[in-house]
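See structure below.
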Amino acid sequence: MKNVAVILAAGSGSRTGLDIPKQFLMLAGKYVLEHSVDTFCAHPMIDEVTIVVSEAYLERVQNLAGERNWRKVKHIVAGGKERYHSTLAAVEAYKDEPDCNMLIHDAARPLVTTDIITKTIEAMDSYMAVDVAIPVADTIVETPDGGKTMDTVLNRSKLYAEQTPQAFRRSVLEEVYDIALKDPHFTSTDDCGTVIKYMPQVPVGIVPGSTSNIKLTFASDIPMIEWLLSNRKR
Ligand code: CTP
Ligand code: MG
């Protein structure tokens with residue numbers, strides 16, 4: 001079965017407070033988006049890469065793909081308002097092909113490694129859905145009043161923090177969003193959450209992630225990510 005990497009780069013990066021989306025910042029000599037595209041393109045088990053960008057950046061990324069000679073990049077498609085719209089744009093791009101594994105990755109996580117990608121693909125031999133995740137280091141509490149006080153301490157031994165890639169059979173993504181989008185109360189921050197809620201019969205396997213596989217979320221994340229990118233072993 002074909003392994004397709006989907007790089008989600010259609011967000012606006014509002015939490016950084018910067019005036020360009022974070023995936024187009026230049027860090028350690030490359031655009032943030034380029035780091036993960038390069039890592040997936042160089043992976044021997046990845047057959048194709050699809051990049052999802054906002055309409056406004058389509059041409060720019062098409063030009064970049066030409067300049068960088070990204071041979072595995074098959075589609076560059078426009079995403080949508082919410083992250084799941086962007087996932088669905090990639091699912092749609094493969095609608096006429098046989099089923100495949102789709103590794104959905106945040107462009108905002110430029111430090112994804114070859115090893116994480118290998119383990120994710122290997123886990124797809126046993127599962128139809130897998131997520132890269134790490135045990136949480138901090139104790140997590142619930143707050144009933146938007147962060148003024150706390151009232152519940154969660155059992156840390158049961159808590160993991162999700163990262164990406166998240167991998168699925170393409171057919172599972174198609175089916176789960178068919179179901180989910182009929183729910184008028186549907187909301188989502190990630191595709192695994194959608195599978196867990198709407199197709200609970202599909203177990204979601206966990207692949208060990210890394211504390212370095214950080215997502216650029218706030219401007220204050222930039223120095224650390226740039227340092228890690230500059231100093232990592234390839
Ligand atoms: N993403 C996307 N399409 C969207 C929203 C998000 O492709 N409609 C991508 C982002 O580009 C990012 C990844 O999904 O690579 C993770 O999302 P997040 O960190 O939330 O990025 P943004 O939505 O861009 O940032 P913010 O939430 O701060 O606005
Ligand atoms: Mg977001």
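For ligands, and for the atoms within them, numbers begin at 1 and follow the listed sequence.
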List every atom of ligand 1 that sits less than 4.0 Å from any heavy atom of [X], numbering the atoms from 1 in the order shown and giving each element.
X: Glu82; answer: 4 (C), 8 (N)
X: Ser12; answer: 24 (O), 29 (O)
X: Gln23; answer: 11 (O)

When you compare ligand 1 with [X], is there at least one nitrogen or oxygen pair between them that comes in under 3.5 angstrom?
X: Ser14; answer: yes
X: Thr217; answer: no
X: Leu216; answer: no

Within the structure, is a non-hydrogen atom of [X] found at a distance of less than 4.0 Å from ligand 1?
X: Gly13; value: yes
X: Lys22; value: yes
X: Gly80; value: yes

With a cut-off of 6.0 Å (strictly less than), are more than 12 heavy atoms of other residues, nucleotides or ligands near CD of Glu59?
->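 Counting neighbours around CD of Glu59, 12 or fewer heavy atoms of other residues, nucleotides or ligands fall under 6.0 Å, so no.
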
Which residue and heavy atom of the protein sit nearest [atom], plus the separation:
atom: atom 19 (O) of ligand 1; result: Lys215 NZ, 2.7 Å
atom: atom 7 (O) of ligand 1; result: Ala10 N, 2.9 Å
atom: atom 12 (C) of ligand 1; result: Leu8 O, 3.7 Å
atom: atom 20 (O) of ligand 1; result: Arg15 NH2, 3.0 Å

Please work out, at 4.0 Å between heavy atoms, whether the side chain, the backbone, both, or neither of [X] comes within that distance of ligand 1.
X: Ala108; value: both
X: His85; value: neither
X: Lys81; value: backbone

Can you figure out which of Val53, Asp106, Thr16, Thr87 has its heavy atom closest to atom 13 (C) of ligand 1?
->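 Minimum heavy-atom distance to atom 13 (C) of ligand 1 goes to Asp106.
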
Just go through Ser54, Pro21, Ser86, Gly11 and tell me whose heavy atom is the nearest to atom 6 (C) of ligand 1.
->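 Answer by nearest heavy atom: Gly11.
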
Given side chain to side chain contact (heavy atoms under 4.5 Å, CB included), test Met102 with Tyr94 step by step and report yes or no.
-> CA-CA 10 Å; Met102 288 195 145; Tyr94 284 82; 3.4 Å; yes

Is the shortest heavy-atom distance from the side chain of [X] to the side chain of [Y] under 4.5 Å?
X: Leu25; Y: Leu216; value: yes
X: Gln166; Y: Val195; value: no
X: Thr164; Y: Ile104; value: no
X: Phe186; Y: Thr194; value: yes
X: Asp191; Y: Arg83; value: yes
X: Ile7; Y: Val112; value: no

Is there a side chain to side chain contact (heavy atoms under 4.5 Å, CB included) between Ser188 and Tyr198 once you walk through the steps?
-> CA-CA 11 Å; Ser188 135; Tyr198 293 96; over 6 Å; no

Stepwise, does the salt bridge (Lys or Arg N to Asp or Glu O under 4.0 Å) test hold for Lys182 with Asp178?
-> CA-CA 7 Å; Lys182 290 186 181 115; Asp178 258 2; 5.3 Å; no

Specify whether the nearest protein heavy atom to atom 17 (O) of ligand 1 is under 4.0 angstrom away.
->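 It does not; no protein heavy atom is within 4.0 Å.
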
For residues Arg170 and Asn101, is any side-chain donor paired with an opposing acceptor at under 3.5 Å?
->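 No.
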
Establish, for the pair Arg60 and Tyr31, whether the NZ or CZ atom is under 6.0 angstrom from the six-membered ring centre and no further than 45 degrees off its axis.
->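 Relative to the ring axis of Tyr31, which defines the angle, Arg60 lies inside both limits.
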
